[in-house]
Amino acid sequence: MSWFGATALLPMIGAHVLGASVVDPVLDPISWYAFVPGGGEMILAGGVILAVLGLILTVRMYRTGLAAGLVPAGAMIVYAVSMVLVGAFPTDPPGTDASLSAIIHRVSAATAFCVLPLVGLSLERSIVRPRSVFPRALRSAAAALGVMVGLFLAIHLSLVFFADSGIAAFGLIERVGFVIMIAYLFLLAVTLDHESPEPLLAEPGPLDGIGPLDDATPALAFSGPRSADLVE
């Protein structure tokens with residue numbers, strides 16, 4: 001899961017390389033890489049990979065019995081759809097009025113950050129007897145991600161109908177938020193690995209529980225009549 005999740009960073013790194021001379025990573029949002037040739041495809045690829053990672057984690061939650069109810073699945077499905085919409089609907093060029101595509105892009109990004117903490121909190125509550133420190137870390141990380149959600153809401157709600165947020169270091173805050181999002185998915189995977197029930201032992205076979213045979217037993221059990229025994 002960690003290797004698969006790490007691949008989500010590759011499109012993001014690729015977009016930064018393609019737009020290194022155009023987009024300021026401290027001031028400009030990640031979505032502006034869509035205006036660089038190949039940048040839009042990188043954003044879409046990263047969103048799709050994160051969406052697939054989230055869905056795989058959801059399946060693992062329920063298969064291991066650690067997830068219960070509809071909240072984890074519903075929240076993760078909303079997250080996955082939102083991440084795809086972020087890449088499928090690019091934002092508008094700087095200095096232009098917000099279009100429908102830009103509104104979908106910005107609302108989807110904010111939605112993804114809002115619902116993801118619900119998955120971890122629901123998973124942490126369903127683990128009654130934790131066997132590791134990761135459920136507690138998941139709760140703490142959910143709180144930290146909640147703070148980032150508040151920042152993102154402040155940023156993206158101002159961006160829904162306006163082209164400029166007016167927030168200093170907006171690009172840097174956004175990038176830190178996405179790194180925390182990916183790290184949170186990693187933490188979900190680690191929690192599942194450490195809290196999943198132990199695999200069931202194999203069913204006992206017909207010879208299980210029988211001790212070693214003594215020296216006389218093999219001769220009695222496996223030797224047939226010998227020709228010498230038949231001679232009177």
Side-chain angles (χ1 to χ4, degrees), residues 2-54 78-117 141-187:
S2 297
W3 282 109
F4 182 78
T7 59
L9 295 174
L10 298 179
M12 193 65 61
I13 294 173
H16 281 72
V17 172
L18 292 174
S21 60
V22 180
V23 180
D24 188 334
V26 176
L27 301 177
D28 299 332
I30 297 175
S31 57
W32 284 11
Y33 289 114
F35 311 128
V36 178
E41 290 77 7
M42 292 293 180
I43 295 175
L44 179 59
V48 170
I49 293 174
L50 289 175
V52 173
L53 176 61
V78 172
Y79 165 81
V81 172
S82 298
M83 291 307 300
V84 174
L85 292 178
V86 166
F89 291 88
T91 190
D92 296 327
T96 60
D97 295 332
S99 65
L100 178 61
S101 176
I103 293 175
I104 295 176
H105 174 89
R106 295 161 185 170
V107 171
S108 298
T111 301
F113 276 90
C114 286
V115 299
L116 191 56
L145 192 59
V147 174
M148 293 303 301
V149 167
L151 290 175
F152 261 73
L153 286 177
I155 293 171
H156 282 83
L157 287 179
S158 64
L159 284 172
V160 170
F161 300 104
F162 302 99
D164 187 9
S165 66
I167 298 177
F170 165 58
L172 180 60
I173 295 174
E174 190 179 51
R175 284 161 177 80
V176 170
F178 272 100
V179 170
I180 294 177
M181 173 190 290
I182 296 175
Y184 192 75
L185 292 173
F186 286 171
L187 183 57

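Residue numbers start at 1 and run along the sequence shown.
Considering every non-hydrogen atom in both Tyr79 and Ala112, the closest pair reads CD1-O, 3.6 Å.
Proximity of a side-chain donor or acceptor of Ser82 to a complementary backbone N or O of Ala109 within less than 3.5 Å is not detected.
Environment of CZ in Phe89: sparse, with no more than 12 heavy atoms of neighbouring residues, nucleotides or ligands closer than 6.0 Å.
Expressed to the nearest 0.5 Å, how far CG of Leu18 lies from CD1 of Ile13 amounts to 12.0 Å. Separating the CD1 atom in Ile180 from the CG atom in Leu116 is a distance of 11.5 Å, to the nearest 0.5 Å. Once rounded to the nearest 0.5 Å, the distance linking CE of Met12 with CD1 of Ile30 reads 4.5 Å.
Between Phe178 and Phe113, the gap from one ring centroid to the other is short of 6.0 Å.
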Using distance only, find each side-chain donor-acceptor pair of residues 33-54 under 3.5 Å and give its atom names and separation, not counting sequence neighbours.
{"from": "Tyr33", "atom 1": "OH", "to": "His16", "atom 2": "NE2", "distance (Å)": "3.4"}
{"from": "Tyr33", "atom 1": "OH", "to": "Arg175", "atom 2": "NH2", "distance (Å)": "3.2"}

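With Ser31 as the partner, the side chain to side chain contact (heavy atoms under 4.5 Å, CB included) test is satisfied by one option alone out of Thr91, Val23, Val86, Asp92: Thr91.
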